[in-house]
Number of protein chains: 2
Amino acid sequence: MMHPPTSSAKNSLLKLENQLCFPFYAVSRLLTKAYQPMLQALDLTYPQYLVFLLLWEHQQLTVKELGEKLLLDSGTLTPLLKRMEQRQWLNRRRDPRDERSVIIELLPAGRSLEAQACAIPQHMLERVHMSDEAIAALRLHLTHLLTQLT
Amino acid sequence: MMHPPTSSAKNSLLKLENQLCFPFYAVSRLLTKAYQPMLQALDLTYPQYLVFLLLWEHQQLTVKELGEKLLLDSGTLTPLLKRMEQRQWLNRRRDPRDERSVIIELLPAGRSLEAQACAIPQHMLERVHMSDEAIAALRLHLTHLLTQLT
DNA sequence: CGAGAATACATTGTACACAATTAAACATTA
DNA sequence: TAATGTTTAATTGTGTACAATGTATTCTCG
């Protein structure tokens, strides 16, 4: 007859090393730090880089669309986008067809960063020393978790 | 003859969906959010919960040791620990044998949270709907990445 | 021993994250 | 169409993260 783990310090489930969440938390921050030298050369933060990835591909998106893709809300995005607007990287304006929406449009200064950023993903892939198969497997796990958690 | 990817928008490596980093960033934040309801019942933030995991196991640690285990520096830990001290969850004092170090000691109010927290890991494991094998495989990948990135 | 290096923590300033609230525009439906 | 509800951003307040700097303590080695 099995018993549920006790609440004592012997409960190994309560040890940091046995948490599933902590490695994600740690790896996520370490990955961001690994980007740092490359992003600093462009004077970019990591979340700003993510916004650029979307704008380089789509040129124009609403705050809502950015939020859906990045899983961020306006509380995070509004000030972040304002800072990027100050740098002339993008443009913020209300959608005339629906004044509730704000359209974010890539400006030439933002577009010009793309050429300098295009080497970053390759650098990062080399940095982690993983086979294509391992990366593919990892991607599957992550996608599964994303769907489970959203 | 292969060419390196161009810097144009067609460079699929520059798309958000093909980044390895973004899923970690997203999963990490989603996991934290999944903890939220349970941690809120204890009036805890996620990093504070991580500190507790270590203190429940070790009772007493220096700021340096906490930082090494959580990969956080004093810039993050000092204010976080001060907030936890205000709640009487722990105690901060200089080590008499080395006045540079600060010893963090779990107090009874902090210890008493352990019993309420012990169900959290199990809840989270059920939440992600993954087999033990999948979790073990994922853990391996994460551990590999952690060592690569530290 | 004593000067300089190294260590451990605190502080400062910037930038996320995110819950909660507000406000304006739009949609719905009775 | 007018009241009600929904959607979209902005705002407010709190709490991390982290680079850069400051400061007191300890170590090291000539």
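In what follows, chains carry the letters A, B, and so on, assigned in the order in which the sequence lines appear, proteins first and then strands, with residues in each chain numbered from 1. When reading the values below, keep in mind they use all heavy atoms of this one structure, side chains included, and skip hydrogens, waters and symmetry mates. Note that the coordinates shown come from a computational prediction; the quantities given were computed from them, not determined experimentally.
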Within the pair A/Gln40 and D/dA19, is there a side-chain N or O less than 4.0 Å away from OP1 or OP2? no
Figure out the CG/P separation between A/Leu71 and C/dC16, and round it to whole Å. 17 Å
Closest-nucleotide ordering on DNA chain C, the 5'-leading residue of A/Glu99 and A/Thr45: A/Thr45
Does B/Arg29 have a side-chain nitrogen or oxygen under 4.0 Å from the phosphate oxygens OP1 or OP2 of C/dC18? yes
Would you say B/Tyr25 reaches C/dA17's phosphate, i.e. side-chain N/O to OP1/OP2 under 4.0 Å? yes
When you measure from the side-chain N and O atoms of A/Arg97 to the phosphate of C/dC26, is any distance below 4.0 Å, counting only OP1 and OP2? no
Below 4.0 Å: OP1/OP2 of C/dA15 and any side-chain N or O of A/Lys82: no
Are B/Lys69 and B/Glu65 within salt-bridge range, i.e. N to O under 4.0 Å? no
Between D/dC18, C/dC9, D/dA10, which nucleotide gets closest to the side-chain atoms of B/Asp73? D/dC18
Sub-3.5 Å donor-acceptor pair from the side chain of B/Arg94 to the main-chain atoms of B/Ile103, do we have one? no
Would you tell me if any nitrogen or oxygen in the side chain of B/Thr78 comes within less than 4.0 Å of OP1 or OP2 on C/dA10? yes
Within the 4.0 Å heavy-atom criterion, would you say B/Thr32 contacts the bases, only the backbone, or no part of the nucleic acid? nothing
Using atom CG of B/Leu39 as one end and atom C1' of C/dC18 as the other, report the distance to the nearest whole Å. 14 Å
Between D/dA9, C/dA17, C/dA10, spot the one nearest the side chain of B/Arg92, thanks. C/dA10
Without decimals, in angstroms, what is the distance between A/Leu70 CG and C/dC18 P? 11 Å
Give the intermediate values and the outcome of salt bridge (charged side-chain N to carboxylate O under 4.0 Å, His left out) for residues B/Lys82 and B/Glu85. CA-CA 5 Å; B/Lys82 279 183 178 176; B/Glu85 186 183 34; over 6 Å; no
Can you tell me how far P of D/dG15 sits from CG of B/Asp43, to the nearest Å? 9 Å
Contacts of A/Gly75 and A/Gln36 projected onto DNA chain D by closest heavy atom; the upstream (5') one is A/Gly75
Quick one: which of D/dA9, C/dA10, D/dT7 gets closest to the side chain of A/Arg100? D/dT7
Main-chain N/O of A/Leu81 paired with A/Trp89 side-chain donor or acceptor, under 3.5 Å: no
Closest to side chain of A/Ser101, choosing from D/dA19, D/dA9, C/dA17: D/dA9
Measuring from A/Leu80:CG to A/Gln48:CD, what's the distance to the nearest 0.5 Å? 5.0 Å
Do the side-chain N or O atoms of A/Lys64 get closer than 4.0 angstrom to the phosphate oxygens (OP1, OP2) of D/dT6? no
Taking for each residue the nucleotide of DNA chain D with the nearest heavy atom, is it A/Thr76 or B/Asp95 whose nucleotide lies nearer the 5' end? A/Thr76
Taking the nucleotide of DNA chain C with the closest heavy atom to each, which residue, A/Leu80 or A/Asp98, is nearer the 5' end? A/Leu80
Starting from C1' on C/dA25, measure out to CZ on A/Arg93 and report it in whole angstrom. 18 Å
Would you indicate, yes or no, if C/dC16 has its OP1 or OP2 atom less than 4.0 angstrom from a side-chain nitrogen or oxygen of A/Arg83? yes
Length of the CG-C1' vector between A/Leu72 and D/dA10, whole Å: 16 Å
Side-chain donor/acceptor of B/Arg127 to backbone N/O of B/Leu31, under 3.5 Å: no
Checking C/dC18, C/dC16, C/dT11 against the side chain of A/Gln48 (C-beta onward), the nearest is C/dC16
Nearest-Å distance, OH (B/Tyr46) to P (C/dA19)? 16 Å
When the distance from CZ of B/Arg94 to P of C/dT7 is rounded to whole Å, what number comes out? 17 Å
